[in-house]
Amino acid sequence: MSKANQTIKTVLKEPTLESIVDYIKEKNVKKVIVMSGAGISTAAGIPDFRSKDTGLYHNLQKFDLPYAEAVFDIDYFMEKPEPFYALAKEIYPGQFLPTKTHYFIRLLQEKGMLLRNFTQNIDTLERLTGLDQDYIIEAHGSFASASCTECKEKADSDMVRDHALRGKVPKCESCDGFIKPDITFFGENLPKRFYDNLSDFDDADLLIVLGTSLQVQPFASLIDEVPKSVPRLLINKEMVGVQKSKGSGFDFKSKKGVHKDVYFSGTCDEGVTKLAELLGWDKELNKMYEKGTEKLKSQYVKEETEIEPGQQKEDKEVDQLADVLDKLTAEDSSTPKTT
Ligand code: OAD
């Protein structure tokens, strides 16, 4: 039966976080899908894409692009890779720490409740929390590996990282083609792993959507792939993904008195903190966040005194970032489109 025609059997008492928590407890929820976007990483210092004033797409004037999204467009990259690498330098993993929200997702795994985290983010912060790689679907790829755009040969990660952190364009040793991190650019296919795991949505018993504008397809439409009886919680600064036609998009107004979709207006960290409090998980979440942050910080520390005589500070920093990034595992890679 198409999902649009399914009748809703399970409802929430109210469209509130409290009702979501009642539902989790009463139904013994065990298969949560988390869909996440750039809004979960802004508290880590990584700008999102579309927020007015602060979003990356509003701050690319210095790159003189024909249009903002060209920086992630494969055809443009093949002509002019420099703007992407200038941007990559600023957002390259190794300079940022996971947020409380990232640790909340890890906590769901610890509780045996996470079915999958479908993320659009390329920052690899999910991995840094220790979240098992099996649970993560990087729908738009990530910086964790890179390949030649011409001969497709996998590139040496250290070499790519060294170039990227200096804002330089790495080239393939075999064919001299431009090397690109295995991020899904506009005009490229999403990773096979994304499609291979879409059936998870049929099994989900709760959907949590965090920090995304739901502007990019096919990711955005996934919110409609859970069964109609499954509650959906959006935690975001702005209300997004609202119903445009029957059976597609969130219905926060619950016109028919059937509460299934809940919108929490605020930051992701505020939303997950409140959720954790209501679930009685707040102490655990705080501990996990604090311990994880402390551990990663100690790996990131760049002590001036550690720089050996004759070694450039920048070189030392690149080496130290390399050590941290070596802990990240590599990863493989229809086209993302803005709706
Ligand atoms: P966007 O920048 O489009 O949306 C981020 C959303 O998060 C917006 O709705 C913000 O209001 C919200 N937000 C920002 N900070 C927040 C916070 N601290 N707490 C809660 N909400 C917050 O980013 P994405 O939806 O992730 O694709 O963008 C999707 C894709 O567009 C990206 O993966 C990228 C981009 O083009 C590719 O590169 C292929």
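Heavy-atom minimum distance, G141 versus T184: N-OG1, 3.6 Å. Pairing each heavy atom of G249 with each of I223, the nearest pair is CA-CD1, 4.0 Å. Here the shortest heavy-atom pairing between A139 and F194 reads CB-CD1, 3.6 Å. Taking each heavy atom of V230 and A204 in turn, the nearest pair found is CG2-O, 3.2 Å. Across all their heavy atoms, L115 and Y135 have their closest contact at O-CD2, 3.7 Å. Here the closest non-hydrogen pair linking G211 and N236 is CA-OD1, 2.9 Å.
By the side chain to side chain donor-acceptor pair (under 3.5 Å) test, T212 is found to be paired with Q120, residues two or more places apart in sequence or in another chain being considered. The side chain to side chain donor-acceptor pair (under 3.5 Å) test applied to R50 returns E69, not counting sequence neighbours.
Here SG of C268 is found 5.0 Å from CG of L210. Values are rounded to the nearest 0.5 Å. Taken from CG in L128 to CZ in F96, the straight-line distance is 11.5 Å, to the nearest 0.5 Å. Annotation: the span from L125 atom CG to Y103 atom OH amounts to 9.0 Å, rounded to 0.5 Å. Annotation: the span from L97 atom CG to T129 atom OG1 amounts to 12.0 Å, rounded to 0.5 Å. Atom CD of Q95 sits about 8.5 Å away from atom CD1 of I46, to the nearest 0.5 Å. Expressed to the nearest 0.5 Å, how far CZ of F84 lies from CG of L65 amounts to 12.5 Å.
Between L114 and L131 the shortest side-chain heavy-atom distance falls below 4.5 Å. Residues Q243 and F250 are not in side-chain contact: their nearest non-hydrogen atoms beyond the backbone lie 4.5 Å or more apart. Side-chain atoms of L56 and L87, non-hydrogen and from C-beta on, do get closer than 4.5 Å to each other. Contact check for E82 versus Y85: no side-chain heavy atoms found under the 4.5 Å cut-off. Residues T42 and P47 fail the side-chain proximity criterion, which asks for heavy atoms closer than 4.5 Å. Counting only heavy atoms from C-beta outward, the side chains of K253 and H259 never approach each other to under 4.5 Å. With contacts defined as side-chain heavy-atom distances shorter than 4.5 Å, the pair V242/Y263 does not qualify. Side-chain contact between V160 and K180 is absent, with no heavy atoms from C-beta onward closer than 4.5 Å.
For H58 (side chain) and T54 (main-chain N/O), no donor-acceptor pair under 3.5 Å exists by modelled atom type. Side chain of D261 to main chain of D251: a donor-acceptor pair is present (N/O by atom type, distance under 3.5 Å, no hydrogens or angles). Side-chain N or O atoms of T267 include one that pairs as donor or acceptor with a backbone N or O of E270 at under 3.5 Å.
Centroid-to-centroid, the aromatic rings of F143 and Y92 come within less than 6.0 Å.
Between D22 and S19, the side chains place no donor N or O within less than 3.5 Å of an acceptor N or O (distance only, hydrogens not considered). Inspection of the D182 and S147 side chains reveals an N or O donor paired with an N or O acceptor under 3.5 Å.
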Review item, side-chain donor-acceptor pairs of residues 171-178, under 3.5 Å, at least two apart:
from: S174; atom 1: OG; to: E153; atom 2: OE1; distance (Å): 3.2
from: S174; atom 1: OG; to: E153; atom 2: OE2; distance (Å): 3.0

Donor-acceptor pairs are to be reported for all side-chain atoms of residues 70-78 against protein atoms at under 3.5 Å, with residues two or more places apart or in another chain.
from: D73; atom 1: OD1; to: D75; atom 2: N; distance (Å): 2.9
from: D73; atom 1: OD1; to: Y76; atom 2: N; distance (Å): 3.2
from: D73; atom 1: OD2; to: Y67; atom 2: OH; distance (Å): 3.0

Listing, residues 28-41 side-chain donor-acceptor contacts under 3.5 Å, not counting sequence neighbours, or none:
from: N28; atom 1: OD1; to: K30; atom 2: NZ; distance (Å): 3.4
from: S36; atom 1: OG; to: N117; atom 2: ND2; distance (Å): 3.1
from: S36; atom 1: OG; to: T119; atom 2: OG1; distance (Å): 3.4
from: S41; atom 1: OG; to: H102; atom 2: NE2; distance (Å): 3.4
from: S41; atom 1: OG; to: D123; atom 2: OD2; distance (Å): 2.6

Just distance, no hydrogens or angles: give the donor-acceptor pairs under 3.5 Å from side chains in residues 289-298, sequence neighbours left out.
from: T293; atom 1: OG1; to: Y289; atom 2: O; distance (Å): 2.6
from: S298; atom 1: OG; to: K295; atom 2: O; distance (Å): 2.7

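Between D158 and R161, at least one side-chain nitrogen of the basic residue sits less than 4.0 Å from a carboxylate oxygen of the acidic one, meeting the salt-bridge criterion. Between K111 and E284 there is a salt bridge, with a side-chain nitrogen of the basic residue lying less than 4.0 Å from a carboxylate oxygen of the acidic one. In summary, R116 and D134 do not engage in a salt bridge, as defined by a charged side-chain N under 4.0 Å from a carboxylate O. Checked for salt-bridge contact, E138 and R127 meet the test: a charged N lies under 4.0 Å from a carboxylate O. Salt bridge absent: D269 and K100 never bring a charged side-chain N and a carboxylate O closer than 4.0 Å. Under the 4.0 Å criterion applied to side-chain N and carboxylate O atoms, E110 and R106 are assigned as salt-bridge partners.
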Next item on the list: Please test S221 against Q217 for side-chain hydrogen bond (donor to acceptor under 3.5 Å, both in side chains), starting from the C-alpha separation and ending with a verdict.
Entry: CA-CA 7 Å; S221 300; Q217 299 293 355; 2.6 Å; yes
Exercise for review: Report the C-alpha separation of E26 and K13 in whole Å, then their side-chain angles, then the decisive distance to 0.1 Å, and conclude whether the salt bridge (Lys or Arg N to Asp or Glu O under 4.0 Å) test is met.
Suggested key: CA-CA 12 Å; E26 283 163 18; K13 285 171 213 132; 3.1 Å; yes
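Note on ring orientation: taking the six-membered ring where Trp is involved, the planes of F49 and Y57 are tilted (angle from 30° to 60°).
Each of I208, I235, L233, L234 was scored for a side-chain contact (heavy atoms from CB on, under 4.5 Å) with V262, with one residue passing: L233.
Within a 6.0 Å sphere centred on CG of D64, heavy atoms belonging to other residues, nucleotides or ligands number 12 at most. Other residues, nucleotides and ligands place no more than 12 heavy atoms under 6.0 Å from the CD atom of E79.
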